Amino acid sequence: MSGTFLLDGQPVPFEPGQTILEAARAAGRYIPHLCWHPDFPPHGSCKLCIVKVAGRHVSGCAMPAKEGWEVESDTPEMNGERRALLQMLFVEGNHFCPSCEKSGDCQLQALAYDLEMLTPRFDHFFPDRPVDASHPEVLLDFNRCIYCELCVRASRDKDGKSVFALTNRGIHKHLVVNAESGRLADTDFAADDMAANICPVGVILHKRVGFAVAIGERTYDRAPIHEVAMRPEAASDD
Amino acid sequence: MIEQRKLRVATVSLAGCFGCHMSFLDIDEHLFELLERIEFDRSPLTDIKHCGPCDIGLVEGGVCNAENVHVLREFRANCRTLVALGACAINGGLPAQRNHLDIGACLDEVYRSRPGLARAQVPNDPELPLLLDKVHPIHEVVRVDYFLPGCPPSGEAIWKFLSDLVNGRTPRVTGPLLHFD
Ligand code: SF4
Ligand code: SF4
Ligand code: FES
């Protein structure tokens, strides 16, 4: 059933089956997101799209819109929740932006800028996650993985290869490469696969182009993510 | 008009590279404006060795050895407002990239097993502070009032932050001034 709901007090129309996030985007309204991608069904893992409906927190990317709902998104409370989620993502991995090739093009970092995350707040885990430099064209730096499974989904559903998978649960969850050796070089992964070009953070990196664009002149150095993400071509590149 | 008391400011570089201090000097002629309102206590700029009661403490760098812990606690005890200045103070930064390695193995690699070292041994002069097994952001050791990210934060960001603070506003660095790199 189509209808209208209120997003931060402003009416947003929706088509049958549209989620809160999709309807908001169609109406030119931004709701933060990390694991959501227009080419895939909602994943619901990062919770950056968290909104409040009738006193309950729901994932905007997964929850179908309903007539008459009053949805709160860009409020101090919701942005505070989002900031805490970002802080947890930062301390769970090893995010040293000054030495990261993705810096300035990274969605996690850009959201942290947008939401004014100034401190990691929690104690760092400093996990040990060796990199995989075996592939001639692509480097995997697992230190920065946020487990959004965009690479898993792209490789399986678009490239037809299933190069990546998540394994284990909870704090032991991690990304693995589907090869006997566990090395990317021993798969049929290619640099023009969708999976090679979808990581929102600095895990799946093309070799030899890391600093082709200088720090300070990159995507989110020039415009904040709430603008970049609303550009028509935005969602499928970084 | 009664002349205002100058705010006392202490600064230190713990496990940092002095880059944040260099960036602080990059506020250029604003330094004159600032010096109308502040005076320095302990700082590499004054060479005062211990921190007295201060209004603002700026801490560059994370905590990598026992001396860093003592100095940081001295700052917290003396500074009404303590600021983590730059990436290393905020998340450990570059020095913390050793955190997933065993510290003994690190020392061994650097001081003993490299080829070409004469009488290779790990330095053990009693004057050298003992290393911690991990490098910590300063908020893991003391309470921190404000954080100014950047590697280093730009002179502009530092100026915006300090002028807010000195003028009694909540310091706020946003938009293009907010950078982690
Ligand atoms: S992946 Fe993003 S947040 Fe993590 S270190 Fe790289 S730029 Fe920073
Ligand atoms: S490697 Fe990148 S795309 Fe894949 S799960 Fe990790 S963060 Fe997501
Ligand atoms: S964008 Fe909705 S849970 Fe990640």
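Keep in mind the model is a prediction, meaning the values are calculated, not measured.
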Toward chain A, the part of B/Val135 with a non-hydrogen atom under 4.5 Å: backbone
Can you name the closest pair of heavy atoms from B/His139 and A/Pro120 and give their distance? CE1-CG, 3.7 Å
Considering only heavy atoms, which portion of A/Ser99 lies under 4.5 Å from any heavy atom of chain B: side chain, backbone, both, or neither? side chain
For atom CZ of B/Arg172, decide whether the heavy atoms of other residues, nucleotides or ligands shown that lie under 6.0 angstrom number more than 12. no
How many angstroms lie between atom CZ of A/Phe126 and atom CZ of B/Arg98, to the nearest 0.5 angstrom? 10.0 Å
Side chain, backbone, both or neither of A/Asp123 within contact of chain B (heavy atoms, under 4.5 Å): both
Are more than 12 heavy atoms, taken from residues, nucleotides or ligands other than B/Arg169, located less than 6.0 Å from that residue's CZ atom? yes
Best-contacting candidate, B/Pro176, B/Gly92, B/Ala96, B/Gly175, against chain A by heavy atom pairs under 4.5 angstrom: B/Ala96
Residue B/Phe32 excluded, over 12 heavy atoms near CZ under 6.0 Å: no
Interatomic spacing from OG1 in B/Thr174 to CG in A/Asp114 - rounded to 0.5 Å: 10.5 Å
Mind listing the closest non-hydrogen atom pair of A/Ser103 and B/Asp181 along with its distance? OG-OD2, 2.6 Å
Residues, nucleotides or ligands: over 12 heavy atoms within 6.0 Å of A/Phe122 CZ: yes
Mind listing the closest non-hydrogen atom pair of B/Glu140 and A/His124 along with its distance? OE2-N, 2.9 Å
Report, by ascending residue number, the residues of residues 68-91 of chain B in heavy-atom contact with chain A at a distance under 4.5 Å; give 'none' if the set is empty. B/Ala87, B/Ile90, B/Asn91
With a 4.5 angstrom heavy-atom cut-off, is it the side chain or the backbone of A/Arg121 that approaches chain B, or both, or neither? backbone
Side chain, backbone, both or neither: which part of A/Phe90 has a heavy atom under 4.5 Å from chain B? side chain
Do you know which two heavy atoms are closest between B/Phe180 and A/Ala112, and how far apart they sit? CE1-CB, 3.6 Å
Any B/His179 side-chain heavy atom under 4.5 Å of A/Cys97 side chain: no
At what distance, to the nearest 0.5 angstrom, does CD of B/Gln97 lie from CZ of A/Phe96? 4.5 Å
Top residue by heavy-atom pair count (under 4.5 Å) with chain A, among B/Leu101, B/Val144, B/Asn99, B/Leu148? B/Asn99
Among A/Glu116, A/Arg129, A/Arg222, which has the most heavy-atom pairs under 4.5 Å with chain B? A/Glu116
